[in-house]
Student: 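This is the structure, below, for whatever I ask next.
Sequence lines set the chain letters: A, B, ... in the order given, protein chains first and strands last, and positions in each chain run from 1. For the numbers below, each heavy atom of this structure counts, side chains included, while hydrogens, waters and symmetry mates do not.
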Amino acid sequence: MAKTASIEVKNQDLIGALRDFFKTVLAQDEISAIQVPWRLPMKNMVMPTLITDPERLNGADPLSPVFPINSAKIVSRLTRKESGGKVAAVMRSCEIRAFIELVKLKQGQTENLVIIGIDCLGAFRNRDYFSWVGEDIEESTKKYAADVLGGKSAAADGSISLSTACQACESPIPVGADITIGLYGIDTDHKVLIQSETVKGENLMARLQLTDEEEPPSRKKAIDKLVEERTAVRDNMFTETHAATDSLEKLTIYLANCVNCYNCRVACPVCYCRECVFVTDVFDHDPSQYLRWADRKGALKMPTDTIFYHITRLAHMSTACVGCGQCSNACPNDIPVMELFRSVSQNTQAAFDYTPGQSIEEKPPMSVFKEEEFEEVVGID
Amino acid sequence: MSEFEPTIVAFFCNWCTYTAADLAGTSRLSYPPNIKIIRVMCSGMIDPKYVIKALLEGADGVLVSGCNPGDCHYINGNYKARRRIKLLKEILPQFGFEPERLRLTWIAASDGLLFAEVMRDMTEQLKPLGPSEAKLKMVI
């Protein structure tokens with residue numbers, strides 16, 4: 001089913017070629033709007049933006065190393081009901097996977113959506129991005145993309161590294177998109193690979209009248225190498241994080257900076273509860289309750305229930321964690337929460353043989369059961 | 001020094017295990033007083049939060065017990081409970097909670113004898129572990 005084609009890159013202007021491609025997508029009658037990472041006119045910041053005016057696509061910047069929000073939540077808002085039109089959304093791999101998780105939870109739909117996945121070049125942490133980007137954002141993005149695709153480290157001068165989530169990301173290539181834009185292992189000075197992954201994508205590609213192309217063997221090689229490096233970083237991260245949290249005392253030290261702001265769950269694309277129990281009346285404890293708790297050990301850290309919150313969150317989202325790292329991006333006190341959540345998720349996902357975001361058909365583990373399974377957790381032998 | 005007596009918070013379903021506890025009582029079977037019973041309508045309504053909270057508040061063990069597979073009063077609540085316990089058993093041991101501290105059993109309403117035996121076994125298994133870390137250390 002997969003069809004492969006290419007678009008031409010003129011004057012080595014990769015980002016310009018991508019903008020032109022987005023314009024041709026938006027020009028299709030069926031597409032009402034396209035959501036892309038877009039430079040805000042008032043600041044050197046790139047945000048997911050819903051665009052209907054093709055001229056505005058000149059500000060599209062899908063390669064900039066900034067990832068302020070996981071757009072899965074935005075696309076979920078756009079598709080939770082009929083919008084009266086069809087939207088195309090340009091998304092990173094982790095955004096697509098998170099969105100697929102939300103679709104399974106009936107918090108989004110794919111009917112009136114075309115997902116355009118793009119090879120992810122990774123991103124800095126928000127605050128690192130601000131110090132890096134400088135005045136000329138076009139030049140910054142171009143240099144960054146050229147460095148990464150040329151096999152150099154993220155910021156070639158070595159001053160800033162990718163966010164830890166991106167360093168440990170073993171899935172930089174989109175899965176589950178209708179159309180993917182391939183960059184790794186492609187001669188992006190001259191062309192970009194466009195592949196359809198679904199019938200919907202294939203139909204759209206047919207209308208775009210692109211030049212057919214074979215996927216060059218260099219692509220698979222480049223991806224394999226990248227995935228291998230990232231997997232090694234990831235596994236090392238798992239080992240270190242497990243060692244740093246393997247007792248309640250250590251976990252308490254790990255999370256000691258937490259001020260219960262709950263930013264990590266606000267930023268989390270797969271923290272799916274419409275209202276988090278930790279901000280409901282359930283946790284409006286009676287003042288006398290705090291005094292009783294304090295009296296038990298002679299001291300009660302306020303606000304309370306920090307560890308309780310994090311472990312409960314893990315029980316909710318760990319099977320769906322896509323490792324996007326927005327939790328760490330959102331933490332005001334630099335707690336390496338992504339490392340913790342991913343390390344736990346690795347085990348819970350393996351326990352249910354579940355890969356979040358892989359397929360819309362695969363049901364979330366806590367929504368199904370079999371009559372004969374997990375006999376080993378029953379009994380007290 | 002007297003022997004360590006663990007505190008076990010037990011969530012029992014109304015229809016099977018709680019009824020078995022009742023039967024054990026009316027049959028004058030003795031079982032350890034370490035078990036603190038919370039009756040719930042179904043093992044399938046036990047939110048993982050309940051288990052996590054109990055352990056963080058210093059329970060030395062948590063026991064969830066419901067109807068045997070196929071016998072659930074609400075058709076399949078116990079199967080859902082089993083998945084949730086499986087999930088917790090993947091998460092909690094990573095933070096140092098020994099697997100013995102969280103147990104899931106099925107005890108039928110007519111099984112007063114089994115009930116007393118399970119309560120004794122769980123209590124005996126927890127004694128050598130000593131008090132839980134949450135009881136001794138400050139938990140934020």
Student: Quick one: what part of A/Pro303 sits under 4.5 Å from any heavy atom of chain B, side chain, backbone, both or neither?
Tutor: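 Interface part for A/Pro303: neither.
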
Student: Measure distances from A/Phe352 to the heavy atoms of chain B and classify the residue's part below 4.5 Å as side chain, backbone, both or neither.
Tutor: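 Side chain only.
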
Student: Report the option among B/Pro99, B/Ser132, B/Ala134, B/Gly58 that has the most heavy-atom pairs separated by less than 4.5 Å from atoms of chain A.
Tutor: B/Ala134

Student: Tell me, out of B/Leu88, B/Leu104, B/Ile85, who's got the most heavy-atom pairs with chain A below 4.5 Å.
Tutor: B/Leu104

Student: Can you measure from CG (A/Leu314) to CD1 (B/Ile91) and round to the nearest 0.5 angstrom?
Tutor: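 That separation rounds to 5.5 Å.
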
Student: Answer with side chain, backbone, both or neither: which region of A/Ser345 has an atom nearer than 4.5 Å to a non-hydrogen atom of chain B?
Tutor: neither

Student: Near B/Ile75 CD1, under 6.0 Å, is it more than 12 heavy atoms from other residues, nucleotides or ligands?
Tutor: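 No - once you tally the heavy atoms of other residues, nucleotides and ligands closer than 6.0 Å, there are 12 at most.
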
Student: Using a strict 4.0 Å threshold on nitrogen-to-oxygen distance, state whether B/Lys89 and A/Glu376 make a salt bridge.
Tutor: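 Salt bridge absent between B/Lys89 and A/Glu376.
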
Student: Rounded to the nearest 0.5 Å, what separation is found between the NZ atom of A/Lys297 and the NZ atom of B/Lys135?
Tutor: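 These two atoms lie 10.0 Å from each other.
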
Student: Kindly indicate, with the supporting measurements, whether the criterion side chain to side chain contact (heavy atoms under 4.5 Å, CB included) is fulfilled by B/Lys137 and A/Thr252.
Tutor: CA-CA 10 Å; B/Lys137 300 266 171 54; A/Thr252 305; over 6 Å; no

Student: Can you confirm whether A/Glu375 is buried at CD, in the sense that more than 12 heavy atoms of other residues, nucleotides or ligands lie under 6.0 Å from that atom?
Tutor: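 For A/Glu375, atom CD is crowded (more than 12 foreign heavy atoms under 6.0 Å).
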
Student: Check whether any side-chain heavy atom of B/Arg103 lies under 4.5 Å from a side-chain heavy atom of A/Val378, and answer yes or no.
Tutor: no

Student: Which region of B/Glu57, side chain (C-beta onward) or backbone (N, CA, C, O), has a non-hydrogen atom less than 4.5 Å from a non-hydrogen atom of chain A, or is it both or neither?
Tutor: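 Both the backbone and the side chain of B/Glu57 come within 4.5 Å of chain A.
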
Student: Please classify the contact between A/Val277 and chain B as side chain, backbone, both or neither, with a heavy-atom cut-off of under 4.5 Å.
Tutor: side chain

Student: State whether the number of non-hydrogen atoms from other residues, nucleotides or ligands found under 6.0 Å of A/Asp286 atom CG is greater than 12.
Tutor: yes

Student: Evaluate side chain to side chain contact (heavy atoms under 4.5 Å, CB included) for B/Gln94 paired with A/Val344, printing each intermediate quantity in order.
Tutor: CA-CA 8 Å; B/Gln94 298 190 36; A/Val344 173; 3.5 Å; yes

Student: Could you tell me which of B/Asp47, B/Val64, B/Leu63, B/Val139 has the largest number of non-hydrogen atom pairs under 4.5 Å with chain A?
Tutor: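 Going by pairs under 4.5 Å, I would pick B/Val139.
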
Student: Carefully, step by step, assess B/Lys53 and A/Phe308 under the rule side chain to side chain contact (heavy atoms under 4.5 Å, CB included).
Tutor: CA-CA 6 Å; B/Lys53 180 71 171 171; A/Phe308 185 28; 3.5 Å; yes

Student: Is it the backbone or the side chain of A/Ile253 that comes under 4.5 Å from a heavy atom of chain B, or both, or neither?
Tutor: neither

Student: Find out whether B/Phe95 and A/Asp246 are in side-chain contact, i.e. whether some heavy atom of one side chain is under 4.5 Å from a heavy atom of the other.
Tutor: no

Student: Considering only heavy atoms from C-beta outward, does the side chain of B/Leu87 approach that of A/Met366 to under 4.5 Å?
Tutor: yes

Student: Check whether A/Leu251 gets within reach of chain B through its side chain, its backbone, both or neither, counting any heavy atom under 4.5 Å.
Tutor: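 Side chain only.
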
Student: Report the option among B/Gln125, B/Met122, B/Lys80, B/Glu100 that has the most heavy-atom pairs separated by less than 4.5 Å from atoms of chain A.
Tutor: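 Among B/Gln125, B/Met122, B/Lys80, B/Glu100, the one with the most close pairs to chain A is B/Gln125.
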
Student: Measure A/Ser367 against the heavy atoms of chain B and call it side chain, backbone, both or neither at under 4.5 Å.
Tutor: neither

Student: Under 4.5 Å between any side-chain heavy atoms of B/Ile140 and A/Thr304, yes or no?
Tutor: no

Student: Are the side chains of A/Ile311 and B/Leu55 in contact, using a 4.5 Å heavy-atom criterion?
Tutor: no

Student: In Å and rounded to the nearest 0.5 Å, what is the CE to CG distance from B/Met138 to A/Leu248?
Tutor: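 Reported to 0.5 Å precision, the distance equals 12.0 Å.
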
Student: Is B/Leu92 in contact with chain A via its backbone, its side chain, both, or neither, using a 4.5 Å heavy-atom distance?
Tutor: side chain

Student: For B/Ile52 versus A/Ala315, what's the shortest heavy-atom pair and its separation?
Tutor: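 Scanning both residues completely, I find the closest heavy atoms to be CD1-CB, 4.4 Å.
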
Student: Any side-chain heavy atom of A/Phe374 within less than 4.5 Å of one from B/Arg83?
Tutor: yes

Student: For the CZ atom on A/Arg296, are there more than 12 heavy atoms of other groups (residues, nucleotides or ligands in this structure) within a distance under 6.0 Å?
Tutor: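 Atom CZ in A/Arg296 is packed in, count exceeds 12.
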
Student: Counting only N and O atoms by type, is there a donor-acceptor contact under 3.5 Å from the side chain of B/Arg82 to the main-chain atoms of A/Phe369?
Tutor: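 Here the side-chain-to-backbone pair does not exist.
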
Student: So A/Glu371 and B/Tyr79, do their side chains get closer than 4.5 Å, heavy atoms only?
Tutor: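 Side chain of B/Tyr79 against side chain of A/Glu371, heavy atoms only: contact under 4.5 Å found.
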
Student: In terms of heavy-atom pairs under 4.5 Å with chain B, which of A/Asp305, A/Asn260, A/Leu255 leads?
Tutor: A/Asp305

